[in-house]
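Residue numbers start from 1 in every chain, and the chains themselves are labelled A, B, ... in the order their sequence lines are given, proteins ahead of strands. Worth saying up front: this structure is predicted, and the values here are computed from it rather than measured.
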Protein chains: 2
Amino acid sequence: MRDKPKRTRIQRKNIETILEAALEVFSQYGFRGSTLDQIAQTAGLSKPNLLYYFPSKEAIHVELLSELMDTWLDPLRALDAGGEPIPEILAYVDRKLEMSRDFPRESRLFANEILQGAPRIEEAIKGELKELVDEKAAVISGWIDAGKIAPVDPYHLIFSIWSLTQHYADFEVQVQWILAERSKTSFEDAKAYLDQLFTKMLRT
Amino acid sequence: MRDKPKRTRIQRKNIETILEAALEVFSQYGFRGSTLDQIAQTAGLSKPNLLYYFPSKEAIHVELLSELMDTWLDPLRALDAGGEPIPEILAYVDRKLEMSRDFPRESRLFANEILQGAPRIEEAIKGELKELVDEKAAVISGWIDAGKIAPVDPYHLIFSIWSLTQHYADFEVQVQWILAERSKTSFEDAKAYLDQLFTKMLRT
DNA sequence: AAAATGTTTGACCATCTGGTCAAGATCACG
DNA sequence: CGTGATCTTGACCAGATGGTCAAACATTTT
């Protein structure tokens, strides 16, 4: 795909600046809700300058999403078929929850895209993502057959991990507003709650 | 608030048609991603005609959201402090999951709004919603203190129910694409999985 | 059946938005 | 330093979009 980008110092810097600004804006307002002017201003560049580095608004968005897709799947990739089942799954939950805390904009960008029907990443979901999920679901099934964890639907187990962890990034304002009087430990509380939940779910 | 709407037959019919069309469009493309022309076309009316019934695009959106807010909270309102704790909570989970199945557009509209920082329903969340959650969290705490269910953080319990059930509406395409070969029973499977999850979580 | 009230729409407008372009500014390098 | 390549931008454009309005059309009331 990438045939020797051979980018100059300025290109590297500006492309990075643009993608950072675009992430900020797209994750907050969605694709159609964001304007090139907003992104340009956030990046500290002029609009025509953005379009010198990217052919279109959509190209910026696609670039962001495809970069994201990779790192987004890393926590699941790291699920080790050779490890101890319950600690492996709990570690996966923790990694996902940390991503929600450390990269909430990426989570929202992804959520926005799926909500709109995922027009721009349909292929990646049906391909790469599905393959990985199928593979890891098989690992979990293996653990179940070996009697190492309680029998649960492995696909819904994975969905539930996604949903629970991403909720804390995607619905952050709601969580914060409801837990208003609680001091800033909400992520620690969430971690404890999720560990408890999945431990009980998986113990035989 | 509503001081005798005194609407004509035509008004009632058209307002309903507009809101239905707006729900269809807004839930799919978000607020900024939707146009009055789209809504008008979906409703089978002309654009100026929409604006005869609503003063602006935003007014349509706000009306939808405030109508939604009410029915959205009904399942939680029905949680009965006098009932048997575990069946009560499982019934709540089931009601929420049924809403995801039967009203996915409403769920997506809500998700879209929260993702954007909930600018138009901040008050309702900090007021009505928070009050209800505080009340029901207290009910759950009472059950815990009485030793009827396992000790869990009641707020995170409620968040987890929201997140898990709404996931099946908001991320429907993703779920469907990954469970592609499975026949259409995904909601039944989800129900069984969630019942299992919360039963194990709450049993003492 | 008029009059009054309520409904619909074609034409129009100002603004916003993604994108273009030519000319100027800056940089890399022999 | 000079020259070709790279980078930047003000001015501009076409189409989309939210919204207005006066005039036509329909319905209800008297």
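- One atom, CG of B:Leu50, and another, P of D:dT20, lie 13 Å apart when rounded to the nearest Å.
- At the heavy-atom level, A:Phe54 lies nowhere under 4.0 Å from the strands shown.
- Following rounding to the nearest Å, A:Lys47 (NZ) and C:dC16 (P) show an atom-to-atom distance of 12 Å.
- The listed nucleotides are C:dA11, C:dC27, D:dT6; the one nearest the side chain of B:Pro48 is C:dA11.
- Residues B:Ser100 and B:Ser107 bring no donor and acceptor atom of their side chains to less than 3.5 Å of each other.
- Between the side chain of A:Lys57 and the base of C:dG19 there is no donor-acceptor pair of N/O atoms closer than 3.5 Å.
- In the set C:dT7, C:dG18, C:dT9, the nucleotide with an atom closest to the side chain of B:Ser46 is C:dT9.
- Side-chain polar atoms of B:Asp189 and A:Tyr155 form no donor-acceptor pair below 3.5 angstrom.
- Note: CZ (A:Arg9) to P (C:dC29) measures 10 Å, nearest angstrom.
- Backbone-only engagement by B:Ile10 is indicated by non-hydrogen atom pairs under 4.0 Å involving sugar-phosphate atoms exclusively.
- Residue A:Leu51 is in base contact, counting any heavy-atom pair closer than 4.0 Å across all strands shown.
- Proximity note for A:Thr8 (side chain, C-beta onward) versus C:dG18, C:dT7, D:dT6: the nearest is D:dT6.
- When rounded to the nearest whole Å, the span between CD1 of B:Ile60 and C1' of D:dG19 equals 12 Å.
- Ring centroids of A:Tyr168 and B:His156 are separated by less than 6.0 Å, placing the two rings close together.
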